[in-house]
Amino acid sequence: PAELAPPGQLTIQGADLDLAERAWLHDAQLRIVSRSATSGVAEVRAQASSGLLTIETTDGRHLPTAASVNLVGPVSVTSFSPASLLQGDQLRISGGNLARVSAVRFGNGALSGTPTVLDPSTIIVRVPDDAASGPIGLLTRTGELAQSPASLTVVPRIRVRAAEST
């Protein structure tokens, strides 16, 4: 199924979509903003709910589809701990809908690997070795970005390459 955090746009692919006048999710009407014979884009309002997609044609017919659309709540950051840590350490992030997070962006744009989901409101991520201080951003597969309200302090690790006796 497609996943979308409304409001947003839903891309529909198929055949004869140039005949689509409107789309529906449950009882919520979606406005078609662009269409061609093989694809269309519909605006999904915040009031819509998950369900099967139905296409309304220019002649008024309602054609149910097998396409399921899962509407999800937005990702949010409420806190993180610790507030200051070393590159390579683990960061615990709390917020909403965090199971949807695919990566964490740090102050200088450095990206983490895939977070470990403890529950829908808590994730843990390793701070990359090239991360810098600043707000953190949570990224989802659907392109959503949630920014932290506070800045994280990232301290570079001291790395000794060699030592000589004198």
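All heavy atoms count here, side chains included; hydrogens, waters and symmetry mates do not. The shown structure was predicted, so the numbers you read here are calculated from the model rather than taken from an experiment.
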- Message: Please check this pair: side chain of Asn108 against backbone of Asp130, looking for a donor-acceptor N/O pair closer than 3.5 Å.
- Response: yes
- Query: Transitively linked via ILVMFWY side-chain contacts under 4.5 Å: Val69 with Val72?
  - Reply: no
- Query: Hey, mind stepping through Ser133 and Val154 against side chain to side chain contact (heavy atoms under 4.5 Å, CB included) and telling me if it holds?
  - Reply: CA-CA 5 Å; Ser133 298; Val154 178; 4.2 Å; yes
- Item | Intermediate values then yes/no, side chain to side chain contact (heavy atoms under 4.5 Å, CB included), Thr116 and Gln90 | CA-CA 10 Å; Thr116 300; Gln90 300 252 325; over 6 Å; no
- Message: In the structure I gave you, are the side-chain heavy atoms of Asn97 and Thr140 within less than 4.5 Å of one another anywhere?
- Response: no
- Message: Rounded at 0.5 Å granularity, tell me how far CD in Glu21 sits from CD in Gln29.
- Response: 9.0 Å
- Query: Any idea which heavy atoms bring Ala103 and Pro115 closest together, and the distance?
  - Reply: N-CD, 4.1 Å
- Query: Any side-chain heavy-atom pair from Val104 and Val127 closer than 4.5 angstrom?
  - Reply: no
- Task: Group every Ile, Leu, Val, Met, Phe, Trp and Tyr by side-chain heavy-atom contacts under 4.5 Å, then state whether Leu145 and Leu111 land in the same group.
- Result: yes
- Query: Is there a donor-acceptor pair under 3.5 Å between the side chain of Thr54 and the backbone N or O of Trp24?
  - Reply: no
- Could you tell me which non-hydrogen atom of Ser84 sits nearest to which non-hydrogen atom of Leu152, and how far apart they are? N-CD1, 4.4 Å
- Message: So does Ser94 get a backbone contact from the side chain of Thr78, meaning a donor-acceptor N/O pair under 3.5 Å?
- Response: yes
- Taking C-beta and beyond as the side chain, do Arg31 and Val33 meet within less than 4.5 Å on heavy atoms? yes
- Minimum heavy-atom distance Val101-Ile123, with the two atoms named: CG1-CD1, 4.0 Å
- Determine, using the 4.5 Å side-chain heavy-atom cutoff (strictly less than), whether Phe80 and Ile124 are members of one ILVMFWY cluster. no
- To the nearest 0.5 Å, how far apart are OG in Ser76 and CG in Leu98? 6.5 Å
- Please answer: with hydrophobic residues joined when any side-chain heavy atoms are less than 4.5 Å apart, are Val77 and Leu139 in the same cluster? no
- Query: Salt bridge check: are Asp129 and Arg126 linked by an N-O gap of less than 4.0 Å?
  - Reply: yes
- Taking side chain as C-beta onward, heavy atoms only, is Phe106 less than 4.5 Å from Leu91? yes
- Task: Using a 4.5 Å cut-off on heavy atoms from C-beta on, say whether the side chain of His62 contacts that of Arg22.
- Result: no
- Message: Let me confirm one number: the CG-CG distance from Leu63 to Asp16, rounded to the nearest 0.5 Å.
- Response: 10.0 Å
- Note on the structure: CG (Asn70) and OG (Ser50) are apart, to the nearest 0.5 Å, by 4.5 Å
- Nearest heavy-atom neighbours spanning Ala66 and Leu52: O-CD2, 4.1 Å
- Check: Glu144 side chain, Ala5 main-chain N or O, donor-acceptor pair, under 3.5 Å: no
- Query: So, the side chain of Arg100 versus the backbone of Gly73: is there a donor-acceptor pair under 3.5 Å, distance only?
  - Reply: yes
- Spatial distance of atom CZ (Arg157) from atom CG (Asp89) [nearest 0.5 Å]: 4.5 Å
- Message: Under 4.5 Å between side-chain heavy atoms, counting indirect links through other Ile/Leu/Val/Met/Phe/Trp/Tyr residues: same cluster for Ile55 and Leu71 or not?
- Response: yes
- Message: To check you understand the geometry: which heavy-atom pair defines the closest contact between Pro6 and Ala46, and what is its length?
- Response: CB-CA, 4.0 Å
- Query: Any chance CZ of Arg141 has more than 12 other-residue heavy atoms, nucleotides or ligands included, within less than 6.0 Å?
  - Reply: no
- Task: Output the distance between atom CG (Leu53) and atom CG (Leu25), rounded to the nearest 0.5 Å.
- Result: 5.5 Å
